[in-house]
Amino acid sequence: MKIKTVFRSLGVLASAALLTACCAGEPTLEGKWVEPIPGMEDQMQGISLEKDGKASSINSATLQYQSWVRQGDTFILSGQSLGNGQTIDFVDSYQIEKLSDDELILKSDDMTINYHKQN
């Protein structure tokens with residue numbers, strides 16, 4: 001009787017370990033990603049990505065991010081660019097070069113953006 005209880009407990013623990021391992025998987029894009037502002041390296045700018053596909057700007061008055069989506073290794077970000085009295089809608093597409101728990105590298109043509117996750 002005691003042996004069955006031990007094996008049952010081990011089975012539950014093994015199942016929990018497998019579940020944790022499968023769900024821990026790949027890092028997610030959700031969170032706040034920042035980079036130094038060119039020429040003002042002591043200040044940061046970036047994007048905040050929510051689970052529901054909403055996006056917002058961090059420390060940028062002229063770029064108003066609105067939404068994002070991931071399609072495989074492609075990251076698509078949309079929003080509005082404000083300036084000179086006009087508003088221009090945009091959709092930018094980037095290749096995800098690297099994604100880890102604390103680093104996101106995006107590439108589009110000859111431009112590379114190196115973001116770090118903000119806590």
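Basis for what follows: all heavy atoms, side chains included, without hydrogens, waters or symmetry-related copies. Everything quoted here is computed from the prediction, not taken from an experiment.
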Do [X] and [Y] have side chains that approach each other closer than 4.5 Å (heavy atoms only, starting at C-beta)?
X    : Y   : answer
I58  : Q45 : no
S56  : Y65 : no
T74  : S93 : yes
E26  : L99 : yes
H116 : P36 : no

Nearest heavy-atom neighbours spanning [X] and [Y]:
X   : Y    : result
E35 : Y115 : N-CD2, 4.0 Å
Y94 : M111 : CE2-CE, 3.6 Å
M44 : N59  : O-ND2, 2.8 Å

Original post:
For K54, does its backbone N or O pair with a side-chain atom of D52 as donor and acceptor, under 3.5 Å?
Top reply: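 Pair found, side chain donor or acceptor close to backbone of K54.
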Original post:
Just by modelled atom types, is the P38 backbone N or O under 3.5 Å from a matching donor or acceptor in the E41 side chain?
Top reply: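 No; zero donor-acceptor contacts below 3.5 Å.
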With hydrophobic residues grouped by side-chain heavy-atom distances under 4.5 Å, do [X] and [Y] end up in a single group?
X    : Y   : result
L106 : V69 : no
W33  : I76 : no
I105 : L49 : no

Original post:
Are side-chain N/O atoms of Q80 and D89 paired as donor and acceptor at under 3.5 Å?
Top reply: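 The answer is yes; a qualifying pair exists.
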Original post:
In terms of side-chain geometry, is the basic nitrogen of E103 or K98 positioned less than 4.0 Å from the acidic oxygen of its partner?
Top reply: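 Salt bridge flag = yes for K98 with E103.
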Original post:
So which of V34, I113, L77 actually passes side-chain contact (heavy atoms from CB on, under 4.5 Å) with I47?
Top reply: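 Looking at V34, I113, L77, the match for I47 under the side-chain contact (heavy atoms from CB on, under 4.5 Å) is L77.
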**OP:** Answer yes or no: are there more than 12 heavy-atom neighbours, outside K117 itself, under 6.0 Å from its atom NZ?
**Re:**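 Yes, NZ of K117 has more than 12 neighbouring heavy atoms, counting only those of other groups under 6.0 Å.
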